[in-house]
Amino acid sequence: MTITAVSPLMLVTQTLPLLEKCKTITELRQLHAHIVKSNLVNHTSTITKLISLCSHHGGLDHALSVFHRIPDPNPFIFFSLIKQMTESSSPTEAVLFYARMLSSLENLNGVEFLLPALLKACSKSCALEEGRQVHGQILKTQMLFDPYVANALIRLYSELGCIGLAHRVFDKMAQRDQVSWNSLITGYLRVGEVELARAIFNEIPERDLVSCNAMIDGYGKSGKCELAEEVFRTMHHKDVVTWTSMVSGYVFNHRPKEALGLFREMLSQGIRPDAPALVSVLSAIADLGFVEEGKWVHAFICTNKIRLNSGFIGSALMDMYAKCGHIGNAYHVFENIAHYRNIGDWNCMISGLAMHGLGHEALDIFLDMKMKEIEPDEITFLGLLTACNHGGLVDEGRYCFELMQEKYGLVPKIQHYGCIIDLLGRAGHLEEAVDVIQNIPIEADAIVWKAILSACTIHGNVAIGESAALKAIDLAPDDSSCYILLSNLYAKVGRWDDVGNVRLMMKQRGVRKIPGSSSVLMNGKVHEFLVGKEMNVKYSVEVCTKIEEVVSRLKLEGYKPDLSQVLLDIEEESKEDSLILHSEKMALAFGLINTSKGSPIHIVKNLRICCDCHSFIKLVSGVYNCRIVVRDQNRFHQFENGSCSCKDFW
DNA sequence: GTAGGGTTAG
């Protein structure tokens with residue numbers, strides 16, 4: 001950049017266009033040096049432009065240092081600096097700077113244009129106190145008459161959960177617009193007050209699209225899909241947000257088939273899916289567990305040139321592939337987004353590897369993160385601990401648990417404790433696990449006691465197991481798995497009377513077991529089997545005959561049904577019958593009938609796979625020479641040649 | 001300058 005020596009006026013007319021041309025903070029610094037040398041530092045419009053460009057190009061510090069040398073800054077300079085501060089990581093500074101502006105400017109005309117951004121910054125950084133101060137100052141002026149300002153206040157209080165304050169601002173407004181109503185509705189929905197939100201929704205003079213969309217989403221997130229559907233159906237005009245809200249409502253309530261069905265309907269109506277719509281359908285597919293439609297979505301993303309870094313597309317794709325058993329494809333996506341990964345992408349990859357039992361690979365990803373100086377967060381460590389847990393990597397798990405606290409200053413949450421306790425307990429370090437649980441600085445929940453209990457069940461430690469079970473049952477009296485684990489523990493050591501007592505306790509308290517359910521994809525259709533019965537009567541006889549045939553063949557190979565974990569206090573023979581009707585066995589039999597030799601059978605189960613089914617499927621994979629992939633509640637099992645990828649560690 | 005949908009989590 002060359003500037004020839006000319007008169008001051010000429011300099012100004014030359015400098016301004018040059019400023020406009022600057023693309024980087026370095027160029028701006030060079031030009032600033034020139035401005036100083038040419039005595040233009042007191043030329044208001046030049047300096048205003050310089051400051052606004054510096055702050056716009058990420059040089060907030062430089063902009064501030066220029067600002068501090070101006071004796072009498074004008075409103076534009078304040079505005080441009082505050083605007084940038086609200087978008088940076090320090091909204092508190094923006095509020096302080098705003099206060100400074102109020103005391104140094106006499107004419108505050110136009111300041112209301114700044115307030116929505118400032119209040120948004122407060123809500124983004126949970127700065128309620130600062131927000132209230134701004135509110136207090138606003139009350140002294142006439143600015144509340146500006147709908148944008150009042151709405152921004154409703155939004156601030158709504159987002160921070162102070163719905164009472166939001167409602168008060170709303171009540172005091174002389175003129176409410178759609179945005180005011182919608183902000184209030186969202187506020188009520190955010191604190192879980194669906195019925196109050198509905199009451200306000202009913203009062204809206206003219207309902208718009210946005211308020212209906214908000215209600216659909218709110219109903220979905222509070223488990224009321226039917227009410228969401230009702231709003232959805234009555235809408236004459238729907239946009240992509242309407243459809244996505246309904247789709248994600250189904251996803252949230254673990255109704256992935258309906259989510260997928262609705263997504264297809266959306267396409268058939270000619271609505272073009274955007275990034276959020278694709279992310280929500282990908283999460284439906286991830287929940288369902290079968291990759292076919294996921295591949296279609298991936299292809300759609302590629303052909304429509306939707307960037308993998310728009311929104312959460314990259315991580316949603318990785319998550320979908322990982323949860324559908326295609327960890328290699330997940331890694332492929334991970335590689336493709338190497339240049340613009342965010343922390344969620346790294347976490348998805350680590351969690352994905354964890355659920356496949358690939359502990360060392362997950363740790364390698366973490367090493368890569370360290371090398372690239374990416375700051376891990378608590379979810380990263382939850383993934384790493386899970387990875388160590390599923391891989392049986394005790395030392396590495398202990399190391400991660402210490403590292404997160406000592407090097408990264410992260411405070412472990414109860415889930416982290418649950419994970420490390422599970423890892424220690426499972427690997428037989430029961431005393432260490434108990435020691436950890438006794439020293440948790442936060443309140444232990446049922447999950448950590450269940451981790452101890454399940455370790456005791458594996459290792460047959462009744463004394464510790466019983467007391468852990470009582471604590472777990474006390475904290476989660478409706479959670480059937482606490483009772484079932486305790487009953488399994490008693491069964492393991494042959495205390496059948498106590499097994500009966502636990503069963504009685506469950507009955508008296510009305511605690512119900514979640515029925516096991518397994519799905520298998522055949523000819524493009526998902527077939528679901530429930531424990532004790534098949535969903536589709538048509539296949540009933542065929543499936544039962546096949547299981548019996550498999551059982552007798554396996555018995556020749558030495559299969560002995562493991563009756564120890566059958567909860568029912570019944571005759572041995574009926575126990576065997578009830579084992580046979582486990583959903584994953586039925587799904588497997590159905591798969592064996594309908595799969596041509598050589599192709600793998602893929603099963604998705606809602607609960608943790610039981611010991612008997614695990615050894616049963618191992619044998620099947622050997623005797624029938626086929627590959628069987630099972631995703632259970634926690635992780636993947638790849639059965640092949642008589643053994644499982646989890647190395648019996650699950 | 002204001003309102004609605006999306007990822008990773010024992």
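Letters go in sequence order (proteins before strands), and every chain restarts at 1.
- We find that CD1 of A/I452 is positioned 18 Å from P of B/dG10, with the value rounded to whole Å.
- Between A/K238 and B/dG5 there is no side-chain N or O to OP1 or OP2 distance below 4.0 Å.
- A/E361 and A/Y331 form no side-chain donor-acceptor contact under 3.5 Å, judged by distance and modelled atom types alone.
- Between A/L278 atom CG and B/dG6 atom P there is a gap of 14 Å when expressed in whole angstrom units.
- Partners of A/A259 by side chain to side chain contact (heavy atoms under 4.5 Å, CB included), not counting sequence neighbours, listed by chain and number: A/V247, A/Y250, A/V251, A/A284.
- Phosphate proximity of B/dG5 to A/S248: absent, as no side-chain N or O sits under 4.0 Å from OP1 or OP2.
- Among the nucleotides B/dG10, B/dG1, B/dG5, the one closest to the side chain of A/I447 is B/dG10.
- Counting distance only, with no hydrogens placed and no angle test, the side-chain atoms of A/D274 and the base atoms of B/dG5 include a donor-acceptor pair under 3.5 Å.
- Side-chain atoms of A/V279 lie closest to B/dT7 of the nucleotides B/dA9, B/dG1, B/dT7.
- For A/R255 and A/N253, the side-chain atoms include no donor-acceptor pair closer than 3.5 Å.
- Rounded to an integer number of Å, the gap from A/I301 CD1 to B/dG6 C1' is 12 Å.
- Taking atom CZ on A/F381 and atom C1' on B/dA9, their separation rounds to 14 Å, with Å as the unit.
- Using a 4.0 Å heavy-atom cutoff across all strands shown, A/L115 reaches no nucleic acid atom at all.
- Taking only side-chain atoms of A/V179, from C-beta outward, the nucleotide of B/dT7, B/dG1, B/dT2 with the closest atom is B/dT2.
- Checked against B/dT2, B/dG10, B/dT8, the side chain of A/K450 finds its nearest nucleotide in B/dG10.
- Residues A/Y417 and A/F401 place their aromatic rings such that the two centres sit under 6.0 Å apart.
- A donor-acceptor contact closer than 3.5 angstrom is absent between the side chains of A/H332 and A/Y321.
- Residue contacts shown for A/V247 are absent, as no nucleic acid heavy atom lies under 4.0 Å away.
- Side chain of A/S283, nearest nucleotide from B/dT7, B/dA9, B/dG5: B/dT7.
- With sequence neighbours excluded, the residues satisfying side chain to side chain contact (heavy atoms under 4.5 Å, CB included) with A/F300 are A/P273, A/L278, A/W296, A/N304, A/I306.
- One can place CD1 of A/I350 at 19 Å from P of B/dT7, the figure rounded to the nearest angstrom.
- At a threshold of 4.0 angstrom between heavy atoms, the contacts of A/D146 include nucleobase atoms, whether or not backbone atoms are also involved.
- Side-chain atoms of A/S315 and base atoms of B/dT7 include a donor and an acceptor less than 3.5 Å apart.
- Between the base of B/dG5 and the side chain of A/S245 there is no donor-acceptor pair shorter than 3.5 Å.
- Listed nucleotides: B/dG1, B/dG5, B/dT8. Nearest to the side chain of A/V149: B/dG1.
- With no hydrogens or angles considered, a side-chain donor-acceptor pair links A/S211 and A/D208 at under 3.5 Å.
- A donor and an acceptor atom never sit less than 3.5 Å apart when one is taken from the side chain of A/N634 and the other from the base of B/dG10.
- Looking at the side chain of A/F312, the nearest of the listed nucleotides B/dG6, B/dT8, B/dG10 is B/dG6.
- Using a 4.0 Å heavy-atom criterion, one finds that A/A275 contacts the bases of the nucleic acid, with or without backbone contacts as well.
- Rounded to whole angstrom, the span from the CG atom of A/L118 across to the P atom of B/dT2 amounts to 13 Å.
- Ranking B/dT2, B/dT7, B/dG10 by closeness to the A/K120 side chain, first place goes to B/dT2.
- Taking 4.0 angstrom as the limit, A/K413 places none of its side-chain polar atoms (N or O) nearer than this to OP1 or OP2 of B/dG10.
- Nucleic acid contact for A/D217: sugar-phosphate only, since backbone atoms but no base atoms lie under 4.0 Å from a heavy atom of the residue.
- Of all nucleotides listed (B/dT2, B/dG6, B/dA9), B/dA9 comes nearest to the side chain of A/S351.
- Closest contact between the side chain of A/A277 and the listed nucleotides B/dG5, B/dG6, B/dG10 involves B/dG5.
- A/R608 has its CZ atom 15 Å from the P atom of B/dG10, to the nearest Å.
- A/E112 comes within 4.0 angstrom of a nucleotide base, judged by non-hydrogen atoms across all strands.
- Here B/dG5 presents its P atom at 17 Å from CG of A/L262, a figure rounded to the nearest Å.
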